[in-house]
**Q** 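Before anything else, here's the structure in question.
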Amino acid sequence: MREARERDGWRRIRAKAAAAPPYLVGVEDISLDLSQRCVVLGGRNGAGKSRVLRGLANELGSSARYVDLHYVAQRILQASRHRTDIAEMLDEYDPLDLDKERLEDVTRVIGRDYDELDWYALEVDTSAVAEEGDDKTPPEMAWLAAEPMPFFTATFRGRTYTSSEMGLGEFGVHLLFWYLYQWSEVDEIKYLLLDEPDAYLPPVAAQALIRRLLWSCLQHGWSLVVTTHSQPVIAESAEERAFVRLDVDSSGAITSTHVRDAPGAADDLLAAPPLRRVLFVEDESAYYLTRSLLRATDRRADQSTMVVWKDGYGYMKALREALPRTPDSRFAFAFVFDGDKRVELGPSGDRQWPTLYLPTEGDPDALFVSLGREVARLADRLRVDAQELQWTIDSLAGADPHDWVNALAAKHDRGLVLRALADLWIELNPDEATEFCRQLRDLL
């Protein structure tokens with residue numbers, strides 16, 4: 001399965017969710033909409049992620065499988081390591097008939113092309129061996145006692161080893177997909193509730209895991225709820241509008257914030273992304289409008305983008321002709337001209353970095369002047385008296401748009417004025433803002 005097809009699982013999940021009515025399930029102090037088909041729960045340590053997941057398991061009953069992969073992995077490893085008859089049992093059992101897709105699941109996530117790989121389902125009671133002080137399986141994982149014990153043998157680069165010798169990351173991936181294989185024919189299962197299944201995986205493997213899980217859910221008609229601390233998983237699920245942030249308020253109650261309602265809900269859980277793109281714009285007004293467009297519609301893109309302005313249209317046109325587009329560039333470049341240059345310039349050539357235009361057919365100063373009719377809103381953003389602002393705007397009637405903006409900026413804090421004008425224009429024109437950022441993503 002190529003990476004592009006893996007990522008396409010998100011699109012298919014969204015399509016199925018869009019066709020389903022909301023299904024709100026109350027748990028702890030919050031409710032979750034399980035019609036989304038995939039919910040990624042994140043938050044700081046102690047935010048209640050595991051508690052919410054266990055509560056959800058109790059609410060959903062037999063239609064859900066709750067898996068605390070760390071607990072299950074420790075239990076299975078302990079049970080297998082206490083037995084001295086595993087070798088004899090492997091002679092009596094046939095390995096499971098793994099299809100190509102199951103093999104791809106584990107090899108893609110683990111990043112290891114095995115020479116040989118066998119999975120076994122051994123009839124061993126894993127509850128017979130318990131950790132000290134833990135004499136019974138948690139009720140939300142009652143299914144564990146009814147399942148056979150998984151055991152794996154693998155050969156990689158000529159060396160053969162068993163699941164008892166695997167690290168927790170490798171073993172956990174095999175274990176998780178082994179259970180999904182066992183449950184593929186269980187009709188009553190509708191929900192998979194997975195508590196940090198990526199805890200022992202490197203970032204790239206955690207991302208591959210969530211994508212593979214989505215395809216398993218699509219194949220079997222399951223919905224997925226997963227908790228994670230993995231930054232790539234949080235970032236991707238936030239981008240796909242599947243992320244829910246959990247916090248604990250001052251009273252000790254769990255609160256939830258869906259990224260759909262607060263686009264920046266995941267931002268402080270993620271490290272600042274590296275610089276990936278540089279956008280050239282004509283002037284200072286274009287700079288503030290472009291920054292506000294990114295900030296309002298794609299916070300992560302805003303953090304990884306540098307916006308550069310200098311001397312207007314002339315320098316950008318010359319730079320567009322001179323800056324070579326090389327396939328191995330560490331950065332993506334784009335030229336964001338004012339909207340009134342749209343007809344004059346047209347698109348870039350095949351060997352040039354892409355050209356984009358700010359919203360509408362006007363330049364940013366003209367867009368800002370149109371906000372002179374929104375005195376109350378603008379005064380609130382500038383934290384000034386509305387009547388005094390009205391007098392200033394009246395005095396600028398008939399001025400050139402560039403002079404109008406400069407005069408207003410000279411009257412108050414310049415940076416505050418330019419950002420307020422840009423933010424207010426976007427607030428009043430959300431469709432144009434969203435379309436600009438969609439075009440930017442497509443071009444880069």
Side-chain angles (χ1 to χ4, degrees), residues 1 3 6-10 13-14 32 36-54 56 66-74 105-112 166-177 179-180 191-217 222-247 254 256-260 262-274 276 298-301 303-304:
M1 185 188 299
E3 183 174 349
E6 285 183 353
R7 185 67 184 261
D8 192 52
W10 285 109
I13 284 284
R14 286 198 309 271
L32 296 174
Q36 292 185 82
R37 305 297 296 271
C38 177
V39 177
V40 176
L41 300 175
R44 300 191 180 280
N45 290 330
K49 299 182 293 297
S50 297
R51 188 151 44 109
V52 166
L53 208 62
R54 289 194 298 269
L56 199 57
Y66 167 85
V67 183
D68 178 345
L69 195 60
H70 174 73
Y71 174 88
V72 176
Q74 294 283 15
D105 285 337
V106 294
T107 57
R108 171 73 173 95
V109 177
I110 295 170
R112 174 167 287 190
M166 291 178 179
L168 283 174
E170 182 181 13
F171 179 67
V173 172
H174 283 280
L175 186 63
L176 180 56
F177 283 105
Y179 282 121
L180 300 189
Y191 303 95
L192 294 181
L193 314 177
L194 307 181
D195 199 356
E196 294 193 43
D198 50 21
Y200 296 101
L201 297 178
V204 65
Q207 194 171 46
L209 175 64
I210 192 70
R211 292 175 180 178
R212 288 279 167 166
L213 288 172
L214 287 179
W215 276 102
S216 290
C217 290
W222 299 329
S223 292
L224 176 67
V225 183
V226 58
T227 69
T228 187
H229 282 289
S230 168
Q231 291 197 27
V233 174
I234 292 174
E236 186 165 291
S237 62
E239 182 180 344
E240 300 292 345
R241 298 295 185 263
F243 180 72
V244 175
R245 177 189 179 122
L246 300 183
D247 294 282
I254 297 175
S256 64
T257 306
H258 198 290
V259 71
R260 181 180 54 222
D267 287 356
D268 68 308
L269 302 175
L270 304 170
R276 296 175 53 196
D298 194 335
R299 297 290 292 271
R300 295 292 287 173
Q303 293 176 319
S304 60

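Please read all numbers here as calculations on a predicted model, not as lab measurements. The first residue in the sequence is number 1, and the count goes up from there.
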**Q** Please report the interatomic distance CD(E240) to CD1(I13), rounded to the nearest 0.5 Å.
**A** 10.5 Å

**Q** First locate atom CD of Q36, then atom NE2 of H258, and finally report the distance between them rounded to the nearest 0.5 Å.
**A**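 The distance works out to 3.5 Å.
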
**Q** Quick one: do C38 and L214 satisfy side chain to side chain contact (heavy atoms under 4.5 Å, CB included)? Show the steps, please.
**A** CA-CA 8 Å; C38 177; L214 287 179; 3.6 Å; yes

**Q** Per the salt bridge (charged side-chain N to carboxylate O under 4.0 Å, His left out) rule, what does the pair list look like for residues 36-47, sequence neighbours excluded?
**A** R44-D268

**Q** Please give me the minimum heavy-atom distance between L69 and G172, naming the atom from each residue.
**A** CD2-O, 3.6 Å

**Q** Got a sec, which pairs hit ring-ring contact (aromatic ring centres under 6.0 Å, His included) with one end in residues 192-214, sequence neighbours left out?
**A**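 Applying ring-ring contact (aromatic ring centres under 6.0 Å, His included) to every pair that reaches into residues 192-214, excluding sequence neighbours, yields H70-Y200.
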
**Q** Give a yes or no on whether the backbone of P203 and the side-chain of Q231 come within a donor-acceptor separation of less than 3.5 Å.
**A** no

**Q** Looking at L176, V173, V204, L213, which hits side-chain contact (heavy atoms from CB on, under 4.5 Å) with V109?
**A**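 That would be V173.
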
**Q** Give the minimum heavy-atom separation between G43 and K49, together with the two atoms involved.
**A** O-NZ, 3.3 Å

**Q** Output, in order, the C-alpha distance, side-chain angles, deciding distance and verdict of side chain to side chain contact (heavy atoms under 4.5 Å, CB included) for V233 and V226.
**A** CA-CA 10 Å; V233 174; V226 58; 5.6 Å; no

**Q** Which salt bridge (charged side-chain N to carboxylate O under 4.0 Å, His left out) pairs, counting each pair once, include a residue from residues 191-207, with sequence neighbours left out?
**A** none

**Q** Looking only at heavy atoms, which two atoms of V259 and A238 are closest? And how far apart?
**A** CG1-O, 3.8 Å

**Q** Kindly indicate whether the side chain of I210, heavy atoms from C-beta on, has any atom under 4.5 Å from the side chain of S237.
**A**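 Side chain of I210 against side chain of S237, heavy atoms only: no contact under 4.5 Å found.
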
**Q** Just checking, is any N or O donor in the side chain of E236 or W10 under 3.5 Å from an acceptor N or O on the other one?
**A**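 Result is yes, a qualifying pair exists.
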
**Q** Got a second to check how far N45's CG is from S50's OG, nearest 0.5 Å?
**A**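 Separation between the atoms: 10.0 Å.
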
**Q** Would you say the side chain of R54 lies within less than 4.5 Å of the side chain of L193, judging by non-hydrogen atoms?
**A**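 Heavy-atom side-chain distance check fails, nothing below 4.5 Å.
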
**Q** Evaluate L180 against L192 for side chain to side chain contact (heavy atoms under 4.5 Å, CB included), listing each step before the verdict.
**A** CA-CA 9 Å; L180 300 189; L192 294 181; 3.6 Å; yes

**Q** Test side chain to side chain contact (heavy atoms under 4.5 Å, CB included) on T227 and V52 and set out the steps.
**A** CA-CA 10 Å; T227 69; V52 166; over 6 Å; no

**Q** To check you understand the geometry: which heavy-atom pair defines the closest contact between S216 and D105, and what is its length?
**A**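 Closest approach of S216 to D105, heavy atoms only: OG-OD2, 4.5 Å.
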
**Q** Side-chain contact test, heavy atoms from C-beta onward, threshold under 4.5 Å: evaluate it for Y66 versus L53 and give yes or no.
**A** yes

**Q** Shortest non-hydrogen contact from I234 to A266?
**A** CG2-CB, 3.7 Å

**Q** Give the minimum heavy-atom separation between G42 and L269, together with the two atoms involved.
**A** C-CD1, 4.4 Å

